[in-house]
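Computed from a predicted structure; not experimentally measured.
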Protein chains: 2
Amino acid sequence: MYFCVNKYLMTRSEENYIKTIFHLGRKGTQEVATNAIAELMETKPSSVTDMIKRLSEKDLVNYKRYQGVSLTDLGNKTALGIIRKHRLWEVFLVEKLDFSWDEVHEVAEQLEHIKSDKLIDSLDKLLAYPKFDPHGDPIPDKNGGFKERDRELLSEVPINTGGVCVGVKDSSATFLKFLDKNGIALGNQIKVMEIEEFDGSLNIEIDGRKMQISHVIASNLYIKASDEI
Amino acid sequence: MYFCVNKYLMTRSEENYIKTIFHLGRKGTQEVATNAIAELMETKPSSVTDMIKRLSEKDLVNYKRYQGVSLTDLGNKTALGIIRKHRLWEVFLVEKLDFSWDEVHEVAEQLEHIKSDKLIDSLDKLLAYPKFDPHGDPIPDKNGGFKERDRELLSEVPINTGGVCVGVKDSSATFLKFLDKNGIALGNQIKVMEIEEFDGSLNIEIDGRKMQISHVIASNLYIKASDEI
DNA sequence: ACAAATTTTTAGATTTGCCTAAATTATAAT
DNA sequence: ATTATAATTTAGGCAAATCTAAAAATTTGT
Ligand SMILES: [Mn+2]
Ligand SMILES: [Mn+2]
Ligand SMILES: [Mn+2]
Ligand SMILES: [Mn+2]
């Protein structure tokens, strides 16, 4: 196909921009702002404008001066391909190389740019076609399809709600290490027992053990509410 | 350490040059020629000169105008690190992802540039510390140490000599596929029965089966001569 | 509606890595 | 020992990706 020509010709930088635009595009339904891209990529707005022009030239984004940017179908497909690779590599690092979930992202940022269909499909098979990465984020399949899991922030559910911890919103090493230290992990059964009026902190029961967590922590943990009582 | 600073700051291109200089340096004991580098890297001599200057600046190579180039100790160590990664990834691809030995090189050329000590050491462990890659080439250890295996070209051994096939000199996909097609693989027991005066072709017995191979083929197969008769 | 503030783009420069064409140095041949 | 040939380097330029500073467009506040 002619419009797949890009795939193996894209530079690392182009791929990173496409990925960033994808992530920013999820949140709001609006076009993505130049400044937002610049901030997330730790670069200057003028550099972003330059790159946007190139990406637009290659039909990866829709762009009109001063109007922000959005991915084309091709751009979207490209982004999903890179995210698929990133998350599969993260699973590999945890499952096969005993990395902890706070160590994988940095290396996956490099590995996601390796170009080989056979490589990524074999890896997928080796890992038994995982549906989620170590942080609970969904892994797109070969065709870019994936289902966002039904989940809610722990800070949003009513009292007495319970469920399984299925993901983290902030997946910075700092937060992940904090969770490790406090024995909180994906798969844990969590139930909200009480919410403190004063500061919004929560008393929870996690795998039978009682503990208190701040509102900030709760607003970065996803649970799949199973049994309301 | 101060002289290890480079390691994570080297560009892909710099790494490829260092690797090429290493490979060319093995053959002759001479300094490596600009043209030789250019040819192997499919680039122009003037580009090589440019890069050599940069590498010299970073103390990775010894360089005097018109006198060719050689690796410094730091350059040598760097090269061995990259080669270690390349060959470990090749083993991984064959052992864990069912790649065939003619498919691994291209992908390993990309993977060898991934920067993470933990990654490569874990991979080494996962593969049970292999000593040789799928083409029979030795894998340097963590400190860059490796022993060149005792081996000879099949074309160089006298008649009636036997041994195990332990490597290939040419590891192009074309040659490797040819070997597959003819049922020749590393580990096979090979014995030279007769050498044809006319064209230098060899009658061999390989794992019990008799066959004839050209001189060119024989001069690209390494055996470890075990039992002379 | 219009001035002020913010966002975005342009202009011009820099670095890396490559190129062609021309000049220089080294080597081989007579 | 010159001359011819081959190897190497320099000069000058180009594209990608970044930057700073300045200009232009948009949005916000009154
Ligand atoms: Mn990640
Ligand atoms: Mn992740
Ligand atoms: Mn190889
Ligand atoms: Mn190899």
Checklist entry - Hey, does the side chain of Arg149(A) reach the backbone of Val166(A) with a donor-acceptor pair shorter than 3.5 angstrom? => result yes
Checklist entry - Backbone N or O of Thr49(A) within a donor-acceptor pair of the Thr34(A) side chain at under 3.5 Å? => result no
Next on the checklist: With a 4.0 Å limit, can you tell me whether Arg54(B) has a side-chain N or O closer than that to the phosphate oxygens OP1/OP2 of dT16(C)?
Outcome noted: no
Checklist entry - For Asn35(B) and dA6(D), is the shortest distance between a side-chain N/O and OP1 or OP2 below 4.0 Å? => result no
Next on the checklist: Once hydrogens and angles are ignored, does a donor-acceptor distance under 3.5 Å link the base of dT24(C) to the side chain of Tyr66(B)?
Outcome noted: yes
Just compare [options] and give me whichever is closest to any side-chain atom of [X].
X        : options                   : value
Ser46(A) : dA11(C), dA25(D), dC18(C) : dA11(C)
Met51(B) : dT9(D), dA16(D), dG17(C)  : dG17(C)
Tyr63(A) : dA26(C), dA17(D), dT9(C)  : dT9(C)
Ser13(A) : dT7(C), dT9(D), dT18(D)   : dT18(D)
Arg65(B) : dT25(C), dT9(C), dA16(D)  : dT25(C)
Ser47(B) : dC19(C), dT8(D), dT9(D)   : dC19(C)

Rounding to an integer number of Å, can you tell me how far [X] [atom1] sits from [N] [atom2]?
X         : N       : atom1 : atom2 : value
Asp50(A)  : dT20(D) : CG    : P     : 13 Å
Ile37(A)  : dT7(C)  : CD1   : C1'   : 13 Å
His113(B) : dG17(C) : NE2   : P     : 12 Å
Lys58(A)  : dA15(D) : NZ    : C1'   : 11 Å
Glu14(B)  : dT15(C) : CD    : P     : 15 Å
Met10(B)  : dT15(C) : CE    : C1'   : 17 Å
Lys44(A)  : dC19(D) : NZ    : P     : 7 Å
Gln30(A)  : dT7(C)  : CD    : P     : 15 Å

Checklist entry - Using a cut-off of 4.0 Å on non-hydrogen atoms, how would the nucleic acid contact of Thr49(A) be classed: base, sugar-phosphate, or nothing? => result base
Checklist entry - Using a cut-off of 4.0 Å on non-hydrogen atoms, how would the nucleic acid contact of Thr34(A) be classed: base, sugar-phosphate, or nothing? => result sugar-phosphate
Checklist entry - Thinking salt bridges, do Glu14(B) and Lys58(B) make one under a 4.0 Å N-O criterion? => result yes
Item to check | Contact nearer the 5' end of DNA chain D, comparing Lys53(B) with Thr43(A) | outcome: Lys53(B)
Checklist entry - Can you tell which of Asp141(A), Asp117(A), Asp121(A) makes a salt bridge (Lys or Arg N to Asp or Glu O under 4.0 Å) with Arg84(A)? => result Asp121(A)
Checklist entry - Is atom CD of Glu109(B) surrounded by more than 12 heavy atoms (other residues, nucleotides or ligands) closer than 6.0 Å? => result yes
